[in-house]
Amino acid sequence: MLYDLGAIFLFVIIFIFTYWWITKPKNLPPGPLGLPIIGNILEFRGKENIARHLKELGRQYGDVYSLRIASQYFIIVNGYEAIKEAYVHKGTEIMDRANETALILELAQKKGIIMANGAEWKEQRR
């Protein structure tokens, strides 16, 4: 009896994690699936240039795609036209986004036109 109860409990836990892993909000753009609990954090393991890897994911999923790191979803926007669309035409829709600046700065390592400044910014503008 106790053995059966433990098996049922384990099944329920596995079902909940699998459901949480597979489902995501309906309004999110496509993106890599990720793992339960940790999300897509392993996508960046061993990558020296995070910005280049994000661009590669953009080629695979399109200019706008989503990633999940732990339980937080991130929308990644690549390319001039997609960024212009997001900020100029849909600015009111994205203005209430979460403030995850510290995590973004850590992942981007101050690379990219928006994250860089000084000499790095001038180099990337060329």
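Start at 1 with the first residue, then count along the sequence. Because only heavy atoms are used, hydrogens play no part in the values below, and waters and symmetry mates are left out as well, while side chains stay in.
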Is there a donor-acceptor pair under 3.5 Å between the side chain of Tyr61 and the backbone N or O of Pro29? no
Do Arg68 side-chain atoms and Pro32 backbone N/O form a donor-acceptor pair below 3.5 Å? no
When rounded to the nearest 0.5 Å, the distance separating CZ of Arg52 from NZ of Lys47 is 11.0 Å
dist Ile69:CD1 -> Ile38:CD1 (nearest 0.5 Å) comes out at 10.5 Å
Using the test side-chain contact (heavy atoms from CB on, under 4.5 Å), find all partners of [X] that sit at least two apart in sequence or belong to another chain.
X     : value
Ile14 : Leu10, Thr18
Arg59 : Lys55, Glu56
Leu28 : Lys24, Pro25, Ser66, Tyr73, Ile75
Ile13 : Phe9, Phe17

Members sharing Tyr80's hydrophobic cluster, built from side-chain contacts under 4.5 Å between Ile, Leu, Val, Met, Phe, Trp and Tyr, are none
Excluding Val88, membership of its hydrophobic cluster (Ile, Leu, Val, Met, Phe, Trp, Tyr; side-chain heavy atoms within less than 4.5 Å) reads none
Nearest heavy-atom approach of Tyr65 to Leu54 is OH-O, 2.6 Å
Full working for side chain to side chain contact (heavy atoms under 4.5 Å, CB included) between Leu67 and Ile76: CA-CA 7 Å; Leu67 291 173; Ile76 311 298; 4.0 Å; yes
Verdict with reasoning, Asn40 to Phe74, per side chain to side chain contact (heavy atoms under 4.5 Å, CB included): CA-CA 10 Å; Asn40 298 104; Phe74 293 89; over 6 Å; no
(message) Please evaluate residues Leu57 and Glu43 with respect to the criterion side chain to side chain contact (heavy atoms under 4.5 Å, CB included), reporting the C-alpha separation (whole Å), side-chain torsions for both, the decisive distance (0.1 Å), and the verdict.
(response) CA-CA 10 Å; Leu57 287 173; Glu43 289 273 341; 3.8 Å; yes
